[in-house]
There are 2 protein chains.
Amino acid sequence: MNKLFDRLKEGGLKLTPQRLAIADYLKGNTSHPTAAKIYEDLKPQYPSMSMATIYNTLSTMAEMELIQELRLHKEQIHYDPDMSHHLHFFCRHCHSVIDVPHKEGIPDFKEFEKKTTNRIDHVSVALIGVCKKCLQKKQ
Amino acid sequence: MNKLFDRLKEGGLKLTPQRLAIADYLKGNTSHPTAAKIYEDLKPQYPSMSMATIYNTLSTMAEMELIQELRLHKEQIHYDPDMSHHLHFFCRHCHSVIDVPHKEGIPDFKEFEKKTTNRIDHVSVALIGVCKKCLQKKQ
DNA sequence: TTTATAGATTATAATTGTTCTAAATTAGTA
DNA sequence: TACTAATTTAGAACAATTATAATCTATAAA
Ligand SMILES: [Mn+2]
Ligand SMILES: [Mn+2]
Ligand SMILES: [Zn+2]
Ligand SMILES: [Zn+2]
């Protein structure tokens, strides 16, 4: 029932309770959690789970392109199981990450690539600002 | 003769040899150096200069909006005295940063702001890829 | 010339998210 | 059940940046 988990299986990886817990946690999750948040939330059910396991599993999933790593600031990596093309808004007060529906718009840089012969693999766009909640609190 | 330094002066800061050295180093510099690179390059002339001074000075300059801090990856901050609107290409092999002339093109997100009432302060665009030199080396 | 003071610099310690390591445990298989 | 390679775990290591506290500097009283 969990696509993430099924893909891990297909990849020949062992099906451990930890991996299932992390896959279940991420499934349909739009909150862009950090490793620390996942650890904290899984702790009650899996008190022995290590941060290393969280990072290992997330790294594996990212390598298999099942989730994406969002490096929106230097403090922490956020993880996103939504692999569809969309952008992110990052609140620099509370560090929350909000999905931004993406409708084309990002210009192409083919000209830059041709002129310079640098190869662009990925255009990273992030909207930085202050979220609704934090704006309200400040008043 | 150095605009950066003059602005520091205007800001009421003391004009120290360290600050002048850093301002001179950055003037017209398009290499997007890190704090460590600046430290290394100034060491011969200023062997007693501390990393703390480099960071303090760069932070002050960034706060005064005389330079920008580029957080293109989690490892290091790159500094750029060019405050004009332009984008950056980042090579994930050698970590070099290359200016990309910007001709409008970045879509506006007014609609997102109105709908969600989150406030966008800044749209960060980074082109991630492999630079010319690194592409050649791999062949 | 001394003393005072505020700000700047320095060396070093602390911080912190992530990665590494090595030992213990487990899943999958026979 | 027993084997083995993969996985998990606790804790150490790492590295860029930030914080701290002592020292230094320039300038201004006294
Ligand atoms: Mn998302
Ligand atoms: Mn630049
Ligand atoms: Zn917020
Ligand atoms: Zn390169």
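Residue numbering restarts at 1 for every chain, and letters A, B, ... go by the order of the sequence lines.
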Minimum-distance nucleotide (side-chain atoms of [X] versus [options]):
{"X": "Tyr55(B)", "options": "dT18(C), dT9(D), dT17(D)", "result": "dT17(D)"}
{"X": "Lys14(B)", "options": "dG7(C), dT17(D), dT8(D)", "result": "dG7(C)"}
{"X": "Ala52(A)", "options": "dT10(C), dT17(D), dA10(D)", "result": "dA10(D)"}
{"X": "Ser48(A)", "options": "dT8(D), dA27(C), dT9(D)", "result": "dT9(D)"}
{"X": "Gln76(A)", "options": "dT18(C), dA8(C), dT10(C)", "result": "dT18(C)"}

**Message:** What contact category does Met51(B) fall into here, base, sugar-phosphate, or nothing, at under 4.0 angstrom with non-hydrogen atoms?
**Reply:**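 Nothing: the residue Met51(B), judged by heavy atoms under 4.0 Å, touches no strand.
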**Message:** So Pro47(A), base contact, sugar-phosphate only, or nothing? Heavy-atom distance under 4.0 Å.
**Reply:** nothing
**Fill in**
Note: for Asn56(A) and Tyr46(B) on DNA chain C, the residue whose nearest nucleotide lies more 5' is Tyr46(B)
Between [X] and [Y], is the gap from one ring center to the other below 6.0 Å?
{"X": "His95(A)", "Y": "Phe90(A)", "result": "yes"}
{"X": "His102(B)", "Y": "His86(B)", "result": "no"}
{"X": "His73(B)", "Y": "His78(B)", "result": "yes"}

**Message:** Classify the ring geometry of Phe112(B) against Phe89(A): parallel below 30°, tilted from 30° to 60°, perpendicular beyond 60°.
**Reply:**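 Aromatic pair Phe112(B)/Phe89(A) classed tilted.
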Taking 4.0 Å as the cut-off, does a side-chain nitrogen or oxygen of [X] come that near to OP1 or OP2 on [N]?
{"X": "Gln18(A)", "N": "dT26(C)", "result": "no"}
{"X": "Thr53(A)", "N": "dT9(D)", "result": "yes"}
{"X": "Thr16(A)", "N": "dT8(D)", "result": "yes"}
{"X": "Ser50(A)", "N": "dT8(D)", "result": "no"}
{"X": "Arg19(A)", "N": "dA27(C)", "result": "no"}

**Prompt:** In Å, rounded to the nearest 0.5 Å, how long is the span from OG1 of Thr57(B) to CG of Leu4(B)?
**Reply:**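 Thr57(B) atom OG1 to Leu4(B) atom CG measures 11.0 Å (nearest 0.5 Å).
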Could you tell me the separation between the [atom1] atom of [X] and the [atom2] atom of [N], rounded to a whole number of Å?
{"X": "Leu20(A)", "N": "dA27(C)", "atom1": "CG", "atom2": "C1'", "result": "14 Å"}
{"X": "Ile38(A)", "N": "dT8(D)", "atom1": "CD1", "atom2": "P", "result": "14 Å"}
{"X": "Arg71(A)", "N": "dA16(D)", "atom1": "CZ", "atom2": "P", "result": "14 Å"}
{"X": "Met49(A)", "N": "dT26(C)", "atom1": "CE", "atom2": "C1'", "result": "15 Å"}
{"X": "Leu15(A)", "N": "dT26(C)", "atom1": "CG", "atom2": "P", "result": "16 Å"}
{"X": "Leu70(B)", "N": "dT17(D)", "atom1": "CG", "atom2": "P", "result": "12 Å"}
{"X": "Glu69(A)", "N": "dG17(C)", "atom1": "CD", "atom2": "P", "result": "16 Å"}
{"X": "Leu8(A)", "N": "dA27(C)", "atom1": "CG", "atom2": "P", "result": "15 Å"}

**Request:** Return the minimal non-hydrogen interatomic distance between Leu72(B) and Ala126(B), and the atom names on each side.
**Result:**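 That closest heavy-atom pairing would be CD2-CB, 3.7 Å.
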